[in-house]
J.: 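So that we are looking at the same thing, I have put the structure below in structure tokens.
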Protein chains: 2
Amino acid sequence: MEETAALLKQKGLKVTPQRLAILNLLKNTKEHPTAETIYKKLSSDFPTMSLATVYKTLEVLKNMGLIQELNVGEGSFRYDANTKSHPHVVCISCGKVEDLDESLLKDVMEEVKKHTDYQLVEQKLYFYGYCPNCQHKITN
Amino acid sequence: MEETAALLKQKGLKVTPQRLAILNLLKNTKEHPTAETIYKKLSSDFPTMSLATVYKTLEVLKNMGLIQELNVGEGSFRYDANTKSHPHVVCISCGKVEDLDESLLKDVMEEVKKHTDYQLVEQKLYFYGYCPNCQHKITN
DNA sequence: GTCTATGCAAATTCTTTGCATGTAT
DNA sequence: ATACATGCAAAGAATTTGCATAGAC
């Protein structure tokens, strides 16, 4: 993943092992982890890394537009290397957070613009329900 | 507002001045206040009321389905006496949070169901942009 | 009178900050 | 060599909890 290093450099950021690890982790997961989760996952590779570094790094990456911060309604933030603002589905049984196809947005935005005189620039769409897995559990 | 007392009673809750005040405040505002805001607004009428009581009351009212909790992405929650899950617009200049017409939802949900195998039960839709007021400020 | 709600203070959780040291450039 | 990043510990904000007292029923 030399690509990740290039990304950081391009943004004028120093390339440190911690930054690489955090950004790569986010790029290679679909889990939308929290700062805490990231910290725990990396603590085997970086036993001395502090949670503060995770937060500082996430802040920097967010400001540089390399990641985005999600707020699913839990009281803590989740992070996503997909920076396009795309809709999410949250499983209300197991807590999993998944992406929804972004193609939804166009139609939705059209509709919304009819209903408001705000000049819209962004949106956050969260859908809640039972994932296929949890549907089975409940049925049984 | 004897109606509010009846609502509480009906849910098996004791009717206290604090609960009445909090629920009435939420019913009579379109501002989607935070716990802190509610606390401040009521502190003239209830100088001895504590913030913990506000939080406890909001928790109870939420669990009873009399209010809903919003998470606009600020790190603190807002509260709304309209318990139907309806979309919101947030002004990214002045921070105001307004309701959007709920009629939007039907079409949106139809569309979303085509894109996921989750069994959807709810959604939270937040749109961000500039309110008419702030649009003027920026233009000038 | 009983049982729940309140108010205070302390505790928790998530996140941010200050500062000395370490490290990428 | 310089400037920025890291790690630690302490501070901060939002929220929750424990417990004695007060108040609703």
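Only this structure's heavy atoms are used, side chains among them; waters, hydrogens and symmetry mates stay out. First the proteins, then the strands, lettered A, B, ... as listed; each starts at 1.
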J.: Do A:Q123 and B:Y128 have a side chain donor and acceptor closer than 3.5 Å?
T.: no
J.: Closer to the 5' end of DNA chain D via nearest nucleotide, is it A:T16 or B:E69?
T.: A:T16
J.: Just checking A:T57: base, sugar-phosphate only, or nothing, at a heavy-atom cut-off of under 4.0 Å?
T.: sugar-phosphate
J.: So A:D107 and B:D107, side chain to side chain contact (heavy atoms under 4.5 Å, CB included) or not? Walk me through it.
T.: CA-CA 9 Å; A:D107 293 342; B:D107 293 342; over 6 Å; no
J.: Give one of base, sugar-phosphate or nothing for B:T53, where a contact means two heavy atoms less than 4.0 Å apart.
T.: base
J.: Using whole Å, what does the distance between atom C1' of nucleotide C:dT23 and atom CE of A:M49 come to?
T.: 16 Å
J.: Using atom CZ of B:F46 as one end and atom C1' of C:dA5 as the other, report the distance to the nearest whole Å.
T.: 14 Å
J.: Got a donor-acceptor pair under 3.5 Å from the side chain of A:K14 to the base of C:dG22?
T.: no
J.: When the distance from CG of A:L70 to P of C:dT15 is rounded to whole Å, what number comes out?
T.: 12 Å
J.: In terms of ring plane angle, is the pair B:H32 and B:H86 parallel, tilted or perpendicular, where the classes change at 30° and 60°?
T.: tilted
J.: Whole angstroms only, please: what is the NZ-P distance between B:K40 and D:dA13?
T.: 11 Å
J.: 5'-most contact on DNA chain D: B:E36 or B:P17, nearest heavy atom basis?
T.: B:E36
J.: With salt bridge (Lys or Arg N to Asp or Glu O under 4.0 Å) as the test, would you mind laying out the steps for B:E111 and B:K114 before giving the verdict?
T.: CA-CA 6 Å; B:E111 195 60 29; B:K114 290 182 200 159; 3.4 Å; yes
J.: For a quick check of understanding: with a heavy-atom distance under 4.0 Å over all strands, which category does B:V15 fall into, base, sugar-phosphate or nothing?
T.: sugar-phosphate
J.: Whole Å only: how far is the CD atom of A:E59 from the P atom of C:dC14?
T.: 18 Å
J.: Without decimals, in angstroms, what is the distance between A:L13 CG and C:dT25 P?
T.: 10 Å
J.: Determine, for B:E59 against B:K62, whether the closest basic-nitrogen to carboxylate-oxygen distance falls under 4.0 angstrom.
T.: yes
J.: Counting only side-chain N and O atoms of A:Y55, is one of them less than 4.0 Å from OP1 or OP2 of C:dT16?
T.: no
J.: B:S50 side chain N/O closer than 4.0 Å to the phosphate oxygens (OP1, OP2) of C:dC8?
T.: no
J.: Among the nucleotides D:dT15, D:dC25, C:dC14, which one has an atom lying closest to any side-chain atom of A:S76?
T.: C:dC14
J.: Rounded to the Å, how far apart are B:L58 CG and D:dA14 P?
T.: 15 Å
J.: Hey, does the side chain of A:Q18 come within less than 4.0 Å of D:dG7's phosphate (OP1/OP2), counting only N and O?
T.: yes
J.: Send over the distance from A:K56 NZ to C:dT21 C1', rounded to a whole Å.
T.: 12 Å
